[in-house]
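Comments concern the structure below.
Side chains included, hydrogens not; waters and symmetry mates left out as well; all remaining heavy atoms used.
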Amino acid sequence: MHWAFMKVLSYCFSIAEFDYAVKYFRESGVTGTMPALVFDSNNAKHTQVMKPFIKLGIVKTREEVGFWPRNVQLVMKLVQDKIIVGQRGKKIKVKGLIDDSGLTENYVRVAVPDFPSALARLRAW
């Protein structure tokens, strides 16, 4: 695997966009809006506990390492390396702050020039 890294400007992952998750919560008695996991690099509260980035990579699986052969894949992984001490006194990696205002979209935003630059670095490999 080869990886290139990109800074994340913001993201939102809303449970409301996942039908099976919403169905599970509704059947479990949860009412009201579904929460979302959010990050915004312009929000000081968010950057205090998080510093997420994207690993943009190329993966090629091969039989000789135990996988079935398939075409090269472009993959993205959202990661968070910053470790803080949580409310219970344990070391944790915050994955996002919970927003229950009713956000219903899923997105990851990066700086436009970073994406083709990362792709060019991967292509060079």
Side-chain angles (χ1 to χ4, degrees):
M1 286 185 233
H2 297 288
W3 298 100
F5 300 90
M6 294 184 301
K7 179 182 173 185
V8 173
L9 300 177
S10 64
Y11 63 76
C12 177
F13 298 110
S14 174
I15 290 177
E17 287 292 301
F18 298 97
D19 295 337
Y20 291 114
V22 171
K23 183 179 177 182
Y24 171 81
F25 283 118
R26 295 289 184 231
E27 289 177 359
S28 298
V30 175
T31 59
T33 60
M34 291 289 130
L37 201 57
V38 298
F39 170 76
D40 182 353
S41 62
N42 293 321
N43 185 322
K45 183 178 177 182
H46 293 197
T47 57
Q48 211 172 19
V49 296
M50 299 175 56
K51 191 176 180 183
F53 56 95
I54 289 194
K55 288 170 63 174
L56 182 66
I58 295 175
V59 177
K60 182 177 182 184
T61 58
R62 300 183 316 255
E63 285 181 286
E64 55 268 15
V65 291
F67 296 98
W68 63 90
R70 56 184 165 177
N71 294 334
V72 173
Q73 296 176 309
L74 181 66
V75 295
M76 293 191 314
K77 181 177 182 181
L78 184 62
V79 294
Q80 195 329 49
D81 283 344
K82 190 171 188 175
I83 298 173
I84 65 165
V85 176
Q87 293 177 348
R88 296 185 180 133
K90 295 186 178 191
K91 292 181 180 180
I92 60 170
K93 290 183 183 181
V94 176
K95 303 294 192 241
L97 279 83
I98 297 173
D99 183 306
D100 57 2
S101 67
L103 296 171
T104 59
E105 57 188 344
N106 293 307
Y107 66 86
V108 176
R109 190 168 56 97
V110 298
V112 172
D114 290 354
F115 193 76
S117 174
L119 287 175
R121 288 193 305 271
L122 289 174
R123 187 170 185 214
W125 278 316

>> Nearest 0.5 angstrom please: Cys12 SG to Leu37 CG, how far?
In response: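 Answer rounded to 0.5 Å: 8.5 Å.
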
Do the side chains of [X] and [Y] join up, straight or via other hydrophobic residues, at under 4.5 Å, putting them in one cluster?
X	Y	value
Val108	Leu74	yes
Met34	Tyr11	no
Phe18	Phe25	no
Leu119	Ile58	yes
Val8	Tyr107	no

Closest heavy-atom pair and its distance - [X], [Y]:
X	Y	value
His46	Asp40	ND1-N, 2.8 Å
Lys82	Gln48	NZ-O, 3.1 Å
Ser14	Leu103	OG-O, 2.8 Å
Leu78	Phe13	CD2-CE1, 3.4 Å
Ala16	Thr104	CB-CG2, 3.9 Å

Quick check on [X]: does its [atom1] atom have over 12 non-hydrogen neighbours (other residues, nucleotides or ligands) under 6.0 Å away?
X	atom1	value
Lys55	NZ	yes
Tyr20	OH	no
Ile98	CD1	no

Would a distance-only check, ignoring hydrogens and angles, find a side-chain to backbone donor-acceptor pair under 3.5 Å from [X] to [Y]?
X	Y	answer
Gln80	Val94	yes
Ser28	Tyr24	yes
Ser10	Arg109	no
Arg121	Phe5	yes

Could you check whether any side-chain heavy atom of [X] comes within less than 4.5 Å of a side-chain heavy atom of [Y], counting everything from C-beta outward?
X	Y	value
Asn43	Leu97	no
Met6	Phe53	no
Pro35	Ile15	yes
Lys93	Asp81	yes
Phe39	Val49	no
Leu56	Phe115	yes

